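No experiment lies behind these values; they were computed from the predicted model shown.
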Amino acid sequence: MRVRLQPTYVLHSRPYRDSSLLVEVFTAEHGRVGLVARGARRKSRSGSSAALLQPFVPMLLGFTGRGELKTLTATETAGRAHVLVGERLYSGLYLNELLVRLLHRHDPHPELFAAYGSALERLAADTDVDHVLRQFELILIAELGYGFELNVDGQTGEAIRPDAWYRYVPEYGLVSQRREPERDHAAFRGSELQAIAAGDFTGQARHAAKRLTRQILAEQLGETPLRSRELFLSHRRKDPPGAAKPVQKQT
């Protein structure tokens, strides 16, 4: 197998042996691929190729090999890096971790690849973070084969009623509840689901969408916590939103 200059994003990398890298990438036509970047950490007059193999940078990569891990053969940048800082950086790392943990290698997802590139652009452009993440999560869930209709009761086939309550059941999707729940975080009001279906992630739908996608993804991720979420929470504790920033004295 030999692939020439495939549109790619780096998802994760780590040192391998003395001077190489193991790199997980997301490609447009081959899905998630594991690569060995031989000598990538070796310094030369032009620098190291490891400096190019960074997350959030549109790349063109060539690779070859027959086994599970391919060998990187060519590296080119295909555009400017998406600069993410603060919470947006952790949001980007969260997207990367979802792809590494949930996608099978060599399983193409061209629509998801396009959605990922769009999500990075929007995160870098100061678009509402929750809106970007929820839209991407719903696309990812559908690509994984767990998509469902947000406007339909999956058990009865009836339209979602705005004043009714629903639960997510993996075999059916959204299923109505007979009783109004009391502080049940697994229940969703129909009006919230209708808003989410319309792409409206404001108001109560903002929190409902986060609870819904988190519940669905948790079933696929298993018990191992997301490292990116832990980093984000640590960042929040050190630098909570709205906290006063120290004023630097002028010299």
Side-chain angles (χ1 to χ4, degrees), residues 1-16 20-41 48-84 88-89 91-125 127 131-148 199 213 216-217 220-221 226-228:
M1 176 183 184
R2 178 176 292 276
V3 176
R4 300 180 184 276
L5 297 181
Q6 174 75 192
T8 306
Y9 285 98
V10 171
L11 301 176
H12 181 265
S13 66
R14 59 186 175 90
Y16 177 63
S20 300
L21 287 174
L22 289 179
V23 189
E24 289 290 336
V25 301
F26 187 30
T27 71
E29 298 177 6
H30 299 272
R32 183 169 71 89
V33 178
L35 301 177
V36 178
R38 301 191 185 282
R41 294 185 292 130
S48 66
S49 58
L52 295 177
L53 296 171
Q54 299 297 322
F56 318 132
V57 182
M59 304 288 297
L60 293 173
L61 299 185
F63 49 88
T64 187
R66 297 182 179 179
E68 180 71 10
L69 287 175
K70 312 301 181 186
T71 299
L72 181 67
T73 57
T75 306
E76 294 183 15
T77 57
R80 299 177 63 179
H82 301 294
V83 180
L84 306 180
R88 295 173 184 277
L89 170 60
S91 296
L93 294 175
Y94 167 71
L95 298 185
N96 286 5
E97 189 171 8
L98 287 180
L99 295 176
V100 169
R101 289 184 55 176
L102 296 179
L103 294 185
H104 295 292
R105 281 181 174 163
H106 314 298
D107 186 8
H109 292 277
E111 292 185 10
L112 185 63
F113 182 85
Y116 174 78
S118 175
L120 294 184
E121 290 180 3
R122 294 165 67 203
L123 285 174
T127 308
H131 191 279
V132 175
L133 296 184
R134 300 297 87 79
Q135 280 195 327
F136 181 82
E137 287 167 343
L138 289 171
I139 294 172
L140 173 61
I141 289 166
E143 286 285 316
L144 293 173
Y146 301 101
F148 56 94
T213 56
I216 299 168
L217 291 171
Q220 310 308 318
L221 290 167
L226 288 165
R227 176 60 176 159
S228 54

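Remark: side-chain polar atoms of S228 are not paired, donor with acceptor, to backbone N or O of L226 under 3.5 angstrom. The closest donor-acceptor contact from the side chain of Q6 to the backbone of E29 lies under 3.5 Å. T71 places no side-chain N or O within donor-acceptor distance of the main-chain N or O of G65, the cut-off being under 3.5 Å.
Closest of all the heavy-atom pairs between G92 and L84 is CA-CD1, 4.1 Å. In this structure, T27 and F63 approach most closely via the heavy-atom pair CG2-CE2, 4.3 Å. Heavy atoms only, all atoms of each residue included: V83 and A124 are closest at O-CB, 3.8 Å. Here the closest heavy-atom approach between residue P108 and residue P110 is recorded as C-CD, 3.7 Å. Closest heavy-atom contact between G39 and S20: N-OG, 3.0 Å. Here the closest non-hydrogen pair linking H104 and R32 is O-CB, 4.2 Å.
In this structure, T73 OG1 and R4 CZ are separated by 8.0 Å, a value rounded to the nearest 0.5 Å. With rounding to the nearest 0.5 angstrom, the CZ atom of R88 is 12.0 Å from the CG atom of L120. Taken from NE2 in H106 to CD in E68, the straight-line distance is 4.5 Å, to the nearest 0.5 Å. Separating the CD1 atom in I141 from the CD1 atom in I216 is a distance of 4.0 Å, to the nearest 0.5 Å. Rounded to the nearest 0.5 Å, atoms CG (L144) and CG (L112) are 7.5 Å apart.
Paired with V33 under the rule side-chain contact (heavy atoms from CB on, under 4.5 Å), one option of V25, L11, V3 passes, and it is V25. With F56 as reference, L89 is the one residue of L89, L123, V10 to meet the side-chain contact (heavy atoms from CB on, under 4.5 Å) rule. Of the residues L103, L95, L102, the one that meets the side-chain contact (heavy atoms from CB on, under 4.5 Å) test with L99 is L103.
Counting non-hydrogen atoms of neighbouring residues, nucleotides and ligands closer than 6.0 angstrom, the CZ atom of R101 exceeds 12 such neighbours. In the displayed structure, E111 atom CD is contacted under 6.0 Å by at most 12 heavy atoms of other residues, nucleotides or ligands.
Judged as a side chain to side chain donor-acceptor pair (under 3.5 Å), the pairs with a partner in residues 131-140 (not counting sequence neighbours) are, in order, Y94-E137, R122-H131, R122-Q135, R134-E137, E137-T213.
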**Q.** Trace of the side-chain contact (heavy atoms from CB on, under 4.5 Å) decision for M1 with H30
**A.** CA-CA 11 Å; M1 176 183 184; H30 299 272; 3.4 Å; yes
Q: Apply the test side-chain contact (heavy atoms from CB on, under 4.5 Å) to residues T77 and M59: give CA-CA distance (whole Å), side-chain angles for both, the deciding distance (0.1 Å), then the verdict.
A: CA-CA 4 Å; T77 57; M59 304 288 297; 4.1 Å; yes
Q: Evaluate side-chain contact (heavy atoms from CB on, under 4.5 Å) for L21 paired with L53, printing each intermediate quantity in order.
A: CA-CA 9 Å; L21 287 174; L53 296 171; 4.3 Å; yes
Q.
Checking L69 against L35 for the side-chain contact (heavy atoms from CB on, under 4.5 Å) test, could you report, in this order, the C-alpha distance in whole Å, the side-chain angles of both residues, the deciding distance, and whether it holds?
A. CA-CA 5 Å; L69 287 175; L35 301 177; over 6 Å; no
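For F148, the ring pair (Phe, Tyr, Trp, His ring centres under 6.0 Å) partners are Y168, not counting sequence neighbours.
Counting only heavy atoms from C-beta outward, the side chains of V23 and L72 never approach each other to under 4.5 Å. Between T8 and L60 the shortest side-chain heavy-atom distance does not fall below 4.5 Å. Using a 4.5 Å heavy-atom threshold, the side chains of N96 and P55 count as touching.
Note on ring orientation: taking the six-membered ring where Trp is involved, the planes of Y9 and F113 are tilted (angle from 30° to 60°).
Salt bridge R227/E97: absent, no basic N to carboxylate O contact under 4.0 Å.
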